[in-house]
Engineer: 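My questions all concern the structure below.
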Amino acid sequence: MSLLSVSHLKAGYGPINVLHDVELTVEAGEIVVMLGANGAGKTTTMRAISGMIGRSGEVHFEGADIARATPDAIVRAGIAQVPQGRGTFPELNVEDNLRCGAYIRSDKEIDADIDRWFDVFPRLRERRAQRAGSLSGGEQQMLAIARALMARPKLLLCDEPSLGLAPLITQELFAVIERLNREMGLSVLLVEQNANLAMHMAHRVYLIETGRIVASGSAAELSADDSIRKAYLGF
Amino acid sequence: MKSLVTIKEGSIGHWVLRLLAAAIVVAIMLWIPTKGSNGLVTSATEALTLMSAAMALNLILGYTGQISIGHSAFYGTGAYVTGILVSKYEWSPWLTFPVAFLFAFVVGVLVSFPASRIKGVYLALVTLALALVFPNLLRWPKLESLTGGGPGIPNGDSALDTTGFNIGRRDGQMRNFEIFGWDPFGDLRGQGAIPFYYWIAAGIAVIVYLVIRGVVKSRAGRSLIAVRDNETAAAVMGVNLVATKAFAFGISAGLCALPGSVTAIRLGAVSPDIATLTILGSLTFLIIMVIGGAGSLWGPIIGAALYVFVTDRTGGWADDEAIPGVLRPFFGWSKIPPGSGIFAVILIVLMFVAPRGLVGVWKQYSPRVVRVVPRPAGVAHDAKPALVADTTTNSTPEGESE
Amino acid sequence: MALFLQRLVDGLSSGSVYALIALGLVIIYRGTGHLNFAQGEMALFAAYVVYQMGEWGLPIGIALVIGLATGFVIGAVAEVGLVRPISKKSPFAVFIVTIGLFQLLNWLSGAIWGDQVLPNSGVGSKQQQYPSLFPDQPDDFVKVFGAAIRYQSLGVLLLTLVITGLLFLLFNKTKFGLAMRAVASNAESAKLVGIRVNTVLMVSWGLAAAIGALGGVVFAGINNSVSLGLMFTVFIYGSAAATLGGFDSPGGAVIAGLAIGVIENMAAGYIGFIGQEMKLAVAFIVILVVLMVKPSGLFGTAKVERV
Ligand SMILES: Nc1ncnc2c1ncn2[C@@H]1O[C@H](COP(=O)(O)OP(=O)(O)OP(=O)(O)O)[C@@H](O)[C@H]1O
Ligand SMILES: [Mg+2]
């Protein structure tokens, strides 16, 4: 049984339908990358999985049907999303942002977890009392990822974490994601424009085009296909 | 959408339709003072004053998107200008109309400078404060020599009715009013002044309507609408925002003063306690405008007629006996007349089902009967109502015409 | 000196009421970005409910709890039933709905309790005066430097400070407060971390209306009576306080509310020119000047847009 399996997913905004028929799966322990042009529907897919927009079709997480669940129930089920453009709480300080990430939890280990992510992102520790809105773009992205991880998710949805970041920072972030995947078995569904970087760590890749999955396979398989390589990977 | 009849804009059929509509309006307006009861004439007068004020408010709210709940202050300005000039300086009431307009225009322009920097509900807040301060200003001892303070300017010997205008207070009969020796209105039915006030109110309503129509359909009016729809774009197009808004606010305030003057003349007295001079007046204008349809020329007219009809009918309903039997269980418990409650509910419900008011409803359904096809080249000038730019808007029937 | 002290205390006590109304406005503004024009009338209705409880002979404590609960329910229902669905349409529609609510609540109060000033033995009121939260007999005061400081004034001020303190704790030390701040900051992300945004907004409106209701009850107590026009001007003062303090700053609302109360009383007292009649002009000028010069207020963040 897949960790996440999505089929016949349709979603959109009001009368406009954006996703026509999205099928994808994420196995436990996998990093899956979704590639697609601007406006292809990547963000919409993420938002549909998280329950942020109206959708129809089947979405199963650990076997349970979450296609009609509310966003908070989906977070509780174990899916956390890092939205495109970071989506931090700008007026709240770094520590409170992380506490919000743990909103669904009521255990005693929240402080320990905050410490743990401060170890992973030491720059956040230095700025723990600073308003999130005053962080740099890279720091905000770290904060957004750390906040999502505070929910102790089984699946992390990550929407274009590299957006607006210097290549070095992007690499650093990707390295962290890869490490978490290796060390804790965190499953990741990652949306990227920057195909080259993402392909390196992807176990599998989906290509999405105007609301439909048009190709999927391992990174090696897709790079081997000339037309796909030219159209999506640009080399 | 299918419609029974289709006619072209500007065609003979269209003109016939327009003339027919105008004829009906004129016929009703003539019928009321000649055949209607005194009560009806008084109600109609009330409706005409309120409608004028709501039309004036509509100019800024419906067409420029600036929210004001302070128009009762302009209305009151008109009332007091007339009251003071007539009672203290013995002016002819006729001459006070232009002065009331100009005075309120200037006040409106002054208010508009801050207003042009303050947007949306915050402007509503500022104007709400203005509406509440205004009656206090009238009571202010420093102005008492002018305004008469708390009691206002009473309807006594020294008041409005003893001067040249002789507005008909004495003996309930109007006197001394004639145009070149001819007295056209007062004795229309031998009823003294009541129809006379009606005609004054009607005249003012027509003037206000025509001025607003002129403004809205002029170049300036288009820039007003541009300001409402998109300030940045309007600025880019070279519309001078501050001047346009100041002009609109001034005209709106000035026009709103005119029905205020009518009220002063009609009551023969002014005081800070007159409801239309307080925040209640502002709310009434707003309700009339929104219910009728903000941003449409006919909205306030329909709204005022409905408003006065309902408030008149239900005005005595604090007394259970006055409530018609079937309705008694619904309204009998209320210790005050249900009018304001009814309109509050209509206002809220309308925002959900028909944010463009009754005129909006009419425009949506009337094409099923008669549809006017517009002339091809961009002459569709009728404004889309208000800031009610709801995203889920139902497709507006094309080719509408007022 | 005695007069100054007297005016200071009087100012602080009416300022407390403004602060409570402003707090309600600010909580709603932070949550949903709306200016609730019905805030004052929600408080009015609750003030009438407390009057009614007094008529029925309930002690003030219980009457107050029922009044605040009424306020809470009105606020929560207004958010869920009216404001939330209409806010999908346009800001103008929200504005009109809050105005409609203003009118509806004012009418409903009149429909139930009539348009006289209450208590009123003429219409059968059993109470001599409006239920007061604090001792309010003619001799309930202390003399300080010659000024008669009424227990009521002190109590009202103290109550406001306690409420402010409790709110501070709620916002900064509780999980629900964290959720409220998160929703105010970024509702979309709040959903993504599993906060039930709808619940938070509903409770925020309820809480705001309940705090406003407290303001209404306190003000009716100071005033010794309740009537349909009771909250009109208080709402303007409260709005002035929220504007001055910054629409997204609860602390600012309280400081500004107290300040406006004091300024207004001092101005009316010492500047003969202004007098009792033009006190309200102080609020008007504050709103106007702040919105023009510094729309975010003294303590608000620049995020506040004036649209
Ligand atoms: N809130 C919205 N309302 C209406 N349409 C929207 C909304 N958000 C996105 N869309 C439309 O949905 C389509 C897909 O958008 P989406 O954000 O999913 O693209 P994307 O693949 O994430 O693109 P990008 O790489 O630029 O982030 C686009 O055509 C977009 O215009
Ligand atoms: Mg995207």
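Chain identifiers are assigned alphabetically (A, B, ...) following the order of the sequence lines, protein sequences preceding nucleic acid strands; residue numbering begins at 1 within each chain. These values consider heavy atoms only, across backbone and side chains, with no hydrogens, waters or symmetry-generated copies. Computed from a predicted model, the values in this text were never measured in an experiment.
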Engineer: Go through the steps to decide whether B:V133 and C:M278 satisfy the test side-chain contact (heavy atoms from CB on, under 4.5 Å), and finish with yes or no.
Structural biologist: CA-CA 7 Å; B:V133 168; C:M278 290 309 279; 4.1 Å; yes
Engineer: Any chance you could measure C:I236, atom CD1, to B:L128, atom CG, to the nearest 0.5 Å?
Structural biologist: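 Between C:I236 CD1 and B:L128 CG, I get 3.5 Å after rounding to 0.5 Å.
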Engineer: First locate atom CG of C:L108, then atom CD1 of B:I336, and finally report the distance between them rounded to the nearest 0.5 Å.
Structural biologist: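 Result: 9.0 Å between the selected atoms.
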Engineer: At a heavy-atom distance under 4.5 Å, which candidate from B:G339, B:S334, B:A124 has the highest pair count against chain C?
Structural biologist: B:S334
Engineer: Which residues satisfy the salt bridge (Lys or Arg N to Asp or Glu O under 4.0 Å) test with C:E188, sequence neighbours excluded?
Structural biologist: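 Partners of C:E188 by the salt bridge (Lys or Arg N to Asp or Glu O under 4.0 Å) criterion, ordered by chain and then number, come out as A:R47.
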Engineer: Check each atom of B:V290 against the heavy atoms of chain C and say whether the ones under 4.5 Å are side chain, backbone, both or neither.
Structural biologist: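 Just the side chain, heavy atoms under 4.5 Å.
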Engineer: May I ask you to decide if B:F343's main-chain N or O and C:Q103's side chain share a donor-acceptor pair within less than 3.5 Å?
Structural biologist: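 It does not hold such a pair.
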Engineer: Is it the side chain or the backbone of B:I279 that comes within 4.5 Å of chain C heavy atoms, both, or neither?
Structural biologist: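 Side chain only.
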Engineer: Below 6.0 angstrom between ring centroids: does that apply to B:F134 and C:F284?
Structural biologist: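 Centroid separation for B:F134 and C:F284: 6.0 Å or greater.
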Engineer: Go through the atoms of B:I69 and report whether side chain, backbone, both or neither lie under 4.5 Å from a heavy atom of chain C.
Structural biologist: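 When you check distances to chain C, only side chain atoms of B:I69 fall under 4.5 Å.
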Engineer: Determine whether a donor-acceptor pair (N or O, by modelled atom type, separation under 3.5 Å) exists between the side chain of C:W107 and the backbone of B:P337.
Structural biologist: yes
Engineer: Please identify, among C:F37, C:F232, C:Y237, the residue contributing the most non-hydrogen atom pairs under 4.5 Å to chain B.
Structural biologist: C:F37
Engineer: Against chain B, work out which of C:G229, C:G110, C:G114 has the most heavy-atom pairs shorter than 4.5 Å and name it.
Structural biologist: C:G110
Engineer: Decide if atom OH of C:Y270 counts as having more than 12 heavy atoms of other residues, nucleotides or ligands within a radius under 6.0 Å.
Structural biologist: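 Count over threshold, so yes.
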Engineer: So which atom in C:F235 and which in B:L125 form the shortest heavy-atom distance, rounded to 0.1 Å?
Structural biologist: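 Scanning both residues completely, I find the closest heavy atoms to be CE2-CD1, 4.2 Å.
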Engineer: Side chain, backbone, both or neither: which part of B:I346 has a heavy atom under 4.5 Å from chain C?
Structural biologist: neither
Engineer: Without swapping roles, check the side chain of C:K89 against the backbone of B:F352 for a donor-acceptor pair under 3.5 Å.
Structural biologist: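 Judged by distance alone, yes, a pair lies under 3.5 Å.
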Engineer: Of the backbone (N, CA, C, O) and the side chain (C-beta and beyond), which part of B:L132 lies under 4.5 Å from a heavy atom of chain C, both, or neither?
Structural biologist: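 Contact with chain C involves both backbone and side-chain atoms of B:L132.
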Engineer: Quick one: do C:I96 and B:L286 satisfy side-chain contact (heavy atoms from CB on, under 4.5 Å)? Show the steps, please.
Structural biologist: CA-CA 9 Å; C:I96 293 295; B:L286 186 72; 4.2 Å; yes
Engineer: On a heavy-atom basis, which atom in B:K335 and which in C:W113 lie closest, and how many Å separate them?
Structural biologist: CD-C, 3.8 Å
Engineer: Please name the pair of heavy atoms, one in C:I287 and one in B:A129, separated by the smallest distance, quoted to 0.1 Å.
Structural biologist: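 So the minimum-distance heavy-atom pair works out to CD1-CB, 4.3 Å.
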Engineer: Closest approach of B:A344 and C:G100, non-hydrogen atoms and distance?
Structural biologist: CB-O, 3.4 Å
